[in-house]
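Contents: one structure, followed by commentary.
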Amino acid sequence: MHELGIVFHIIRSVEQVAADNGLEKISAVVLELGEVSGVVPDYLTDCWKWAAAKEELVSGSELKIETLPAVTHCGGCGRDYPTVAHGRICPHCQSGNTWLLTGNEVSIKEIAAY
Amino acid sequence: MNQVRIIEVKQSVFADNDRRAAQLRRELKEKGIFLLNLMSAPGSGKTTTLTRTVELLKDEIKIGVMEADIDSDVDARAMAAAGVKSIQLYTGGMCHLDADMTRQGLDELIDGDVELAILENVGNLVCPAEFDTGAVKNAAILSVPEGDDKPLKYPLMFQVCDVVLINKIDVTPYFDFDLERCTEYIRMRNPDAKVIPICAKTGEGVEEWAGWLRQQVREWVTFS
């Protein structure tokens, strides 16, 4: 259940941004979540509802999740391919010398405040 | 209706924890304290391995152990019985420790005189790997009954580790576990990881592991 721990870290980051920008009430937090980040969006939003309700700054606010596609680069043939469909083996040349370009992000894109 | 302000943040959720962990590491360097983060799945032998390790090192290095669990203090009792200072950290249902929770435990632990602090993280191959605890080195235990394919299934755990202990090698004949294949899978994810086969129960290989740890602690403490 790492989603709960992640939610606590989001709230702490939002508190910092709010303090830096003089914000008193947050209406929404937009999160960018990579397809292979290992974080389950439904669990995350459930944890958010529970944890955010306990903090005045974010209570009642919405956690919006934008999914970022996972893309893997192949060192064998130099091409990129979608990670979720093909995993670690390149579908073009069958090389295993591949690495993830994008898709493991868990980042706060922006927050909306009244 | 008030106007809504949009603040662009563009920051990793882990960035805040990473900063706190780096700060904790700097403070440990100043104080000459080495923190080891020991991770593994439940039942792979963290506590038995630690007991063996402590037996070999406790006369030359002052050791303190932090046992992180969702509940119960059986591990802390086992370490206390082995003769080292130990405290129990409850995560309150959370599956991992972060830098702040580690700091709170350390504050209590190093109240005594500790050169080597060992954090026995929550038994879990997923979440603890995502949160930097502030440890100087990360170690993982993978035991033979778990299977040699675990480095492929839980790649992040093996990417963040400096050393991997392959435990329970005495039972290898009874399982489809290929040590060479496992080492190759670990190297695919982390070419720099040191792999040490051990059997915590019989003590096989534990000298080599204790030697590695002793060397790491000396380097960290001497040059602090």
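Lettering follows sequence order; numbering is per chain, from 1.
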- prompt: Measuring from Ser37(A):OG to Glu130(B):CD, what's the distance to the nearest 0.5 Å?
  reply: 8.0 Å
field: Atom group of Glu32(A) that falls short of 4.5 Å from chain B, counting heavy atoms
entry: side chain
message: Does Asp107(B), at its CG atom, have more than 12 non-hydrogen atoms belonging to other residues, nucleotides or ligands within less than 6.0 Å?
response: yes
statement: Heaviest contributor of heavy-atom pairs below 4.5 Å to chain A, chosen from Asn17(B), Leu156(B), Val126(B), is Asn17(B)
statement: Of the listed Asp100(B), Thr91(B), Leu152(B), the one with the largest count of heavy-atom pairs under 4.5 Å with chain A is Asp100(B)
query: What residues of residues 76-109 of chain A sit under 4.5 Å from chain B when you count only heavy atoms?
result: Arg88(A), Val106(A), Ser107(A), Ile108(A), Lys109(A)
query: With only heavy atoms counted, which part of Arg189(B) is less than 4.5 Å from chain A, the side chain, the backbone, both or neither?
result: side chain
message: Looking at Glu8(B), I'd like to know if its CD atom is crowded, meaning that more than 12 non-hydrogen atoms belonging to other residues, nucleotides or ligands lie closer than 6.0 Å.
response: no
field: Any side-chain heavy-atom pair of Val13(B) and Phe8(A) under 4.5 Å
entry: no
- request: To the nearest 0.5 Å, tell me how far His9(A) NE2 sits from Ser12(B) OG.
  value: 10.5 Å
- prompt: Near Arg77(B) CZ, under 6.0 Å, is it more than 12 heavy atoms from other residues, nucleotides or ligands?
  reply: no
query: Checking side-chain contact (heavy atoms from CB on, under 4.5 Å) for the pair Asn21(A)/Arg5(B): CA distance, chi angles, key distance, verdict?
result: CA-CA 10 Å; Asn21(A) 293 277; Arg5(B) 279 177 71 191; 4.2 Å; yes
task: First locate atom CD1 of Ile6(B), then atom CD of Glu110(A), and finally report the distance between them rounded to the nearest 0.5 Å.
output: 5.5 Å
message: If I take atom CD1 from residue Ile7(B) and atom CD1 from residue Ile111(A), how far apart are they, to the nearest 0.5 angstrom?
response: 6.0 Å
task: Run the numbers on Arg20(B) and Arg12(A) for side-chain contact (heavy atoms from CB on, under 4.5 Å), then give the verdict.
output: CA-CA 12 Å; Arg20(B) 288 166 197 260; Arg12(A) 196 149 71 182; 3.5 Å; yes
- line: Output for pair (Ile10(A) CD1, Phe14(B) CZ), nearest 0.5 Å, gives 9.0 Å
- request: Using a cut-off of 6.0 Å, state whether more than 12 heavy atoms not belonging to Lys25(A) lie near its atom NZ.
  value: yes
message: Quick check: closest heavy atoms across His2(A) and Cys127(B), and the distance to 0.1 Å?
response: CB-SG, 3.3 Å
